[in-house]
Amino acid sequence: MSLLSENVIPGNYGKIFSTDAKTTSDLLKIQKIILQIEGIKDVILDETVFPREFTVHTSKLVSVESIEKKVKILGFHAIPKALLDLNAKKRDD
């Protein structure tokens with residue numbers, strides 16, 4: 001694991017999470033509970049994709065685990081999307 005995979009780094013990019021929440025009201029609950037974490041600037045919901053996604057922006061280093069735990073309180077999951085490995089070789093099957 002690394003600093004980038006275990007934390008949300010402050011800045012404009014943020015970190016994208018997938019969730020099993022489906023309704024707008026559930027996504028708004030997730031947004032509200034994540035905003036309670038110290039250092040969270042905003043949570044942008046994306047209801048146009050499936051599974052639903054949200055992007056978290058921070059003003060300081062925030063652990064992915066703290067976001068996952070907050071969302072789990074509501075009975076949903078928050079799964080961070082993996083960073084793309086631009087140096088990975090294409091595998092031929």
Side-chain angles (χ1 to χ4, degrees):
M1 292 299 185
S2 72
L3 178 71
L4 291 176
S5 64
E6 294 178 0
N7 297 285
V8 182
I9 308 297
N12 294 330
Y13 182 71
K15 185 174 281 288
I16 300 171
F17 292 81
S18 293
T19 182
D20 55 346
K22 294 178 181 79
T23 65
T24 300
S25 64
D26 287 339
L27 291 169
L28 290 172
K29 289 176 189 174
I30 288 173
Q31 182 182 46
K32 184 176 179 179
I33 202 163
I34 292 173
L35 286 170
Q36 294 174 358
I37 300 171
E38 185 180 344
I40 301 291
K41 282 197 312 188
D42 63 17
V43 179
I44 301 168
L45 305 174
D46 186 356
E47 297 183 67
T48 63
V49 296
F50 187 82
R52 303 293 186 245
E53 295 179 348
F54 56 89
T55 304
V56 177
H57 294 101
T58 63
S59 60
K60 66 178 196 174
L61 202 65
V62 175
S63 74
V64 166
E65 184 178 4
S66 65
I67 294 169
E68 292 171 331
K69 285 181 179 181
K70 278 287 194 184
V71 173
K72 200 168 197 171
I73 290 170
L74 298 173
F76 298 108
H77 295 92
I79 303 164
K81 291 185 87 172
L83 296 172
L84 296 176
D85 185 2
L86 300 176
N87 297 320
K89 293 183 180 180
K90 185 175 180 181
R91 196 174 79 171
D92 293 326
D93 288 337

Just verifying a value: how many Å separate Q31 CD and I40 CD1, rounded to the nearest 0.5 Å? 11.5 Å
Min side-chain heavy-atom separation I67-V62 under 4.5 Å: yes
If you define the side chain from C-beta out and look only at heavy atoms, does anything of I30 sit under 4.5 Å from V43? no
Quick one: pull up CD1 in I16 and CD1 in I44 and give me the separation to the nearest 0.5 Å. 9.5 Å
In this structure, CD1 of I9 is separated from CG of L61 (nearest 0.5 Å) by 5.0 Å
Report yes if some heavy atom in the side chain of L45 is under 4.5 Å from a heavy atom in the side chain of L28; otherwise report no. yes
Are F76 and V8 connected into the same hydrophobic cluster when the rule is that any two of I, L, V, M, F, W, Y join if their side-chain heavy atoms are below 4.5 Å apart? yes
4.5 Å side-chain heavy-atom contact, F17 and V71: no
Give every residue pair that meets the salt bridge (Lys or Arg N to Asp or Glu O under 4.0 Å) criterion with at least one member in residues 49-59, sequence neighbours excluded. E53-K81
Checking K41 now: which residues fulfil side-chain contact (heavy atoms from CB on, under 4.5 Å) with it, not counting sequence neighbours? H57, S59
Measure the spacing between OG1 of T19 and CZ of F54 and express it to the nearest 0.5 Å. 5.5 Å
Using the side-chain hydrogen bond (donor to acceptor under 3.5 Å, both in side chains) criterion, which residues pair with E47? Sequence neighbours excluded. T24
What residues form a side-chain hydrogen bond (donor to acceptor under 3.5 Å, both in side chains) with K60, not counting sequence neighbours? E38
For K69, check side-chain hydrogen bond (donor to acceptor under 3.5 Å, both in side chains) against everything at least two apart and list the hits. E65
Is there a path of hydrophobic side-chain contacts, each under 4.5 Å between heavy atoms of I/L/V/M/F/W/Y residues, joining I37 to I73? yes
Tell me every residue that passes side-chain hydrogen bond (donor to acceptor under 3.5 Å, both in side chains) with S25, counting only those two or more places apart in sequence or in another chain. T23
With side chains defined as the heavy atoms from C-beta onward, is the minimum distance between E68 and P80 less than 4.5 Å? yes
Taking C-beta and beyond as the side chain, do N7 and T58 meet within less than 4.5 Å on heavy atoms? no
